[in-house]
Structures are given as C-alpha cells and as structure tokens.
Amino acid sequence: MSGIRVRIAPSPTGFFHIGNAKTALINWLFARSKGGTFILRLEDTDTERSKPEYADIVCEALKWLGIDWDEGPSFRDEPERGAYGPYRQSERKHLYLQEANRLLKEGKAYKCFCSKEELDAERERARIEKRPPRYSGKCRNLTEKEIRAKEGLPYSIRFKVPPGVTEIDDLIQGKVVTDHTEFDDFIIVKPNGDAVFHLAVVVDDGLMKITHVIRGDDHLTNATRHVMLFRALGYELPQFAHLPMVLDEKGQKYSKRLHGANVLDWREDGFLPEALVNYLVLLGWTPGDDREVFSREELIEAFTIERLGKSPGKFDYKRLLWLNGQHIRKLTAAELCERVLPILRKAGFDVDAFPKEWLIQMTAICQDRIPTLNDIIGYTDFFFVEPQSYEEKAVNKHWRKEPQNAVQTLEKIRNMIEETSDFSHDGLKATFEQKAAAEGVPVAHFIHPTRLALTGKSVGPGLFELAALLGKEKCLQRIERALAFVRTIEETKI
RNA sequence: GACCCCAUCGUCUAGCCUGGCCUAGGACACCGCCCUUUCACGGCGGCAACACGGGUUCAAAUCCCGUUGGGGUCGCCA
C-alpha cells in the first residue's frame, strides 16, 4: 500500500450513471496503478431521494464493471470492510454534527434562523433585479441576546466564509484561483439536523484520510468551498483532480432518462464490461501511443493521471460497439460460450440439452461476426428451433423465381448431403465443390438455397460449419421441409 | 447575469508544457477496392480538423490578448 487513498462517492438514487462509472474507473485505475486504496462511500444524506435498496444497484454496477473496492459498506452477504467506517453517510450523522458544532464553537460557522420562504423570496428578488443570488448575511452577526431570543426556533448552520482567495492546483485543470467574495455563507447543516453535501464530503474525506479527490468537473467550483472547509476543520488538504464530464451524442449533459445513462443498460444490451471500461477510459485518456484495445490489467499497467485530458467527450455508440467486438474476439471460444449461454437460455433455448463441446463450437463459428453478446440469438436460433418461416427476400431470390429449378436444386442438395460420409466442414465443402464443378456452376448456386433451407435466413455463420454442427439428420429433414415448401409455390404458380 | 472550466477531422484523440521534425499522426464512423458462400472479420486505399481575430517571433496547432461557441457553479440536491 502506497498511502494513496481515493474514493468514489455515489448517491444511491436508483441507478449508477455512466459518468459515475467513468469517475469510479479513473479513481480505481489510479489506486490500482499506484498501489493505493480504493474506497466506496455511499452518499445517502438526502433522506428524501436515497433509498437503502438503491445502494445495491450501485454495488452491482461496480461489481459488473470489475471495479472492486478495498474499503466500503456491506453489500449483500459481504460485511463492511475498512478502518475508517462507517461508509454510509446516513450512519455518520453524528460526525458531521460534531464537526459542525466545533465550527460553531470556534466562530467559523453560525446559526441562521431565516426560513426557507424568506430565502426563496430573497433569491427571487435577486433574480429579477439580475443580481447574483446570494445570502444577505442577515444572521451572520446576531448578538448573543438576539440568538437567545430565537431559542427553540428551527435554524440551519451556515459556514462563515472567510475573506481571501483560494488557489487550487488541480491535477487535471491546472491552477484555479477563486476569490472568496464569489461565495456567500453556505448552509452546512439543515434545520432537520442533516448535513449538507459540502460538509459531509469534507468531513468524510478528511476523516477517511483521502489523499486525492478525483471527481467530475461539475465540482470544480465546489472545490473552493471544500478547501475553505478543510482549512477551517484543520484537516490535511487532499490533491484535487477534476475530470471532464461525459456528454451524450448531441453534446448535452448525459440525461438520466437516456438509454445508456444507466451503466446496467449496457449489460442488458450485450456489452462486455471490459469493453465499456475500455471505452470509458479512452474518453479522456490515451496511453500516448496508438494502442486502443486494453484489458483491465493492461489499463492498470498503462494508466497515468498525467495523461488525462481536460475537455469533455461526447458518447460515441459506434466506437463502443467496435470495442465490444474487439473484446469479444479476444476471448477464447470457451469463455465467450460461458457469457453467451445465459442469453440463449433467457431467449428460451434449451442449450443444456447440448454437450458443452458442441456449444463451444457453435459459439466459435459466430465469434468473428457478432458485435454484441445479444447478437448470438439471431446467429444461432436455428440450432435450437426449426425455422418457423423463410426470409421473404431470400425466398423470392432463390425459390420463387423458378420454382421448378429450385426443386431440382434442392433435390441435388439433398442427395449431396445424403452422400457425404465425412459430415464435417471439409467433407461438406468437398462434396459441394465437386458437384458445382461437375455441373459447371459456382458453389454459391448450391450454398444459398441450402442456407435458406437450414436456417430460414440469408445471413449467418459459414454454411459448412453450421451444417456440420447441425448434423446430417436435421439437415436432411430441413431440406425435405424446404422441398415441400417450394413445391407449394410451384403449385400455386401453375 | 456573475464567476470558473473547455476548444485539433462528424466522433475519440496524438502533437501544445519544453515554438521549427506538422504539406497535422492514429482510431471509430463513412466511401471504394481486395478476401469471400451470406453477414461479418481481416487487409489495402480514400474523404475529413488546428473555432475566429489580433499580436509576439526568422518561424505558432503550439506562447500572449480578445471574440465566439460549448460546459459547469451560484439549493435546506449530491
């Protein structure tokens, strides 16, 4: 362990956003590449929006991505781990209050008795008059007597912003200087006793000895508030690194409503977690050479925080799709098979009726063709169920034009299949090629109708490997079915 | 509105800090060709960018200023 401590602090509000995933990933890579500690902390201070069961989704998404944490809350049957817990903010309320009271006692914060209505009205007035919406500071200098007079009334606690400027040396954004006059005295504890985000993060980061705060640059302005709080609380200041955000394909903030905003959407869609991870890290980071396809291990090896870019990136689905294909091809056929079986089962196919070795071969003949795991269904469904219909366009092309010839061709195909004793890719190929040569026609003349008869489609895996896997008996049955079908065309035509 | 951040092909980016090697490199996408039994995969080639305007300099994508565009923050959300 290097002493480096980083964290990801999502709020459990129902799902895990793609932007959170990128932040988590960068933190994790930084920790793993430096021998540091990666911490998961759940920011569930907003009791109205956070639900305990949502935390599950966050953990689930992280697990799926392969981002494991060294310290963090309990998850299902895993106990909480780490020496700086608890790791749920809802369980740390006493710490926030303790620290807020310390600030109060030290005169670095004060009680504010202004009501929400009062403040809203004030803000509204500022908006109309085009003034910056700032708190007036009404309660900042209340006398002891005035405070005592308000005893019993609900109050919030505000941080007394000190005069001066704050300079942040951001690892990504560079030097950022902000004058404190840009800030009003912000609330750190709500009247109901809940800590506000700013207080909670700083207390947690301080107490958990976080050394590097790596998060989205939507927090860049907040960082100044946090530094002021760090100093007021007397904690050691961490280093900051503000990551550019992930935008949608139109360049807008990635809306939660958009498909794909939820990390788990990608699992549903048949994407490999290692592909998503690879894609996400490339959105703002390059190794400096031309490598683009990375395994998790290779990423840990190559990652450096210095090479992180500072401009935001638009999400590019086609590029992710390409990377997914690259990762699918990198797997062994057996590995790919394991990933694809649940999908086929879910589609209702009785895959377990087939031997493992056979299933692996079936996967292998699709491996170079499928962009996502889900595409396996369209490429292999005919292995499990007989074609329910024949693709209309292909029927027109191969059968309907000259049904009589089509019947003859299918009969020849039936005979070829029947006569093939070596029912393998090579054996079938030899038979087809010999016949085609003898007849003086291209092999395609036989291949296309065969594919249509066996699979019902015009696209799919290579015909000979597919037929070999299907087996002679099923092939013959399906040719017969096709023959019957074409004969009905012939009859209706006459 | 105030403050902050960002700005190279349609997209992700290399190059920028430490000006000349940049007639700006790679990848995705797109287009063409090759391979080929379909669809793919793979191979080869093509299209395509330094946001704009001023400086500084012998020389600027690279440094400085301004403009424009995009994003963020300004909550008793996180």
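Keep in mind that what you see is a predicted model, and the values were worked out from it rather than measured. Residue numbers start from 1 in every chain, and the chains themselves are labelled A, B, ... in the order their sequence lines are given, proteins ahead of strands. Only this structure's heavy atoms are used, side chains among them; waters, hydrogens and symmetry mates stay out.
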### Message
Please tell me if A:Lys318 has a side-chain N or O lying less than 4.0 Å from either OP1 or OP2 of B:rC12.
### Response
no
### Message
Less than 4.0 angstrom between a side-chain N/O of A:Ser156 and OP1 or OP2 of B:rC76, yes or no?
### Response
no
Which pairs, protein N/O on one side and nucleotides 31-33 of chain B N/O on the other, fall under 3.5 Å?
none

### Task
Check each residue of residues 458-472 of chain A for a non-hydrogen atom within less than 4.0 Å of any atom in RNA chain B, then write out the ones that pass by number, or none.
A:Ser458, A:Val459, A:Gly460, A:Pro461, A:Gly462, A:Leu463, A:Phe464, A:Glu465
### Atom-pair distance (CD1 on A:Ile328; C1' on B:rA40), nearest Å
12 Å
### Summary
From CZ of A:Arg451 across to P of B:rU38 the rounded distance in Å is 8 Å
Every protein N/O lying under 3.5 Å from an N/O of nucleotides 66-75 of chain B:
unit_1	atom_1	unit_2	atom_2	d
B:rG72	O2'	A:Asp218	O	3.3

### Query
Of the candidate nucleotides B:rA29, B:rC76, B:rG26, which contains the atom at the shortest distance from the side chain of A:Glu292?
B:rG26
Could I get a table of every N or O pair under 3.5 Å where one atom is in the protein and the other is in nucleotides 60-64 of chain B?
none

### Message
Taking the ring of A:Phe315 and the ring of A:Tyr279, is the distance between their centroids below 6.0 Å?
### Response
yes
### Task
Any side-chain hydrogen bond (donor to acceptor under 3.5 Å, both in side chains) involving residues 443-457 of chain A? Give me the pairs, sequence neighbours left out, ordered by first then second residue.
A:Asp381-A:Lys457
### Residue list, salt bridge (charged side-chain N to carboxylate O under 4.0 Å, His left out) with A:Glu292, at least two apart or on another chain
A:Arg319
### Message
I'd like to know whether the aromatic ring centres of A:Tyr317 and A:His259 sit less than 6.0 Å apart in this structure.
### Response
no
### Query
Is the NZ or CZ atom of A:Lys429 positioned over A:Phe464's six-membered ring, under 6.0 angstrom from the centre and within 45° of the axis?
no
### Message
With nearest nucleotide decided by heavy atoms, which residue, A:Ile172 or A:His425, maps closer to the 5′ end of RNA chain B?
### Response
A:Ile172
### Message
For the residue pair A:Arg158 and A:Phe186, would you count it as a cation-pi contact if the rule is NZ or CZ under 6.0 angstrom from the ring centre and within 45 degrees of the ring axis?
### Response
no
### Message
Checking contacts here: which listed nucleotide (B:rU38, B:rC5, B:rA27) is nearest the side-chain heavy atoms of A:Gln173?
### Response
B:rC5
### Query
Using atom C1' of each nucleotide, how far apart are B:rA60 and B:rU56 to the nearest Å?
10 Å
#### Entry: Plane angle bin for A:Phe15 and A:His17 - parallel if under 30°, tilted between 30 and 60°, otherwise perpendicular
tilted
### Message
For the aromatic rings, using the six-membered ring if either is Trp, is the centroid distance between A:Trp399 and A:Tyr390 under 6.0 Å?
### Response
yes
### Contact under 4.0 Å: A:Lys310 side-chain N or O vs B:rC6 OP1/OP2
yes
#### Entry: Upstream residue (5' side of RNA chain B) when A:Arg329 and A:Gly288 are each assigned their closest nucleotide
A:Gly288
### Task
Verify the ring-centre separation between A:His198 and A:His226: is it less than 6.0 angstrom?
yes
### Task
Report the nucleotide, chosen from B:rA27, B:rA78, B:rA14, that has the shortest atom-to-atom distance to any side-chain atom of A:Val196.
B:rA78
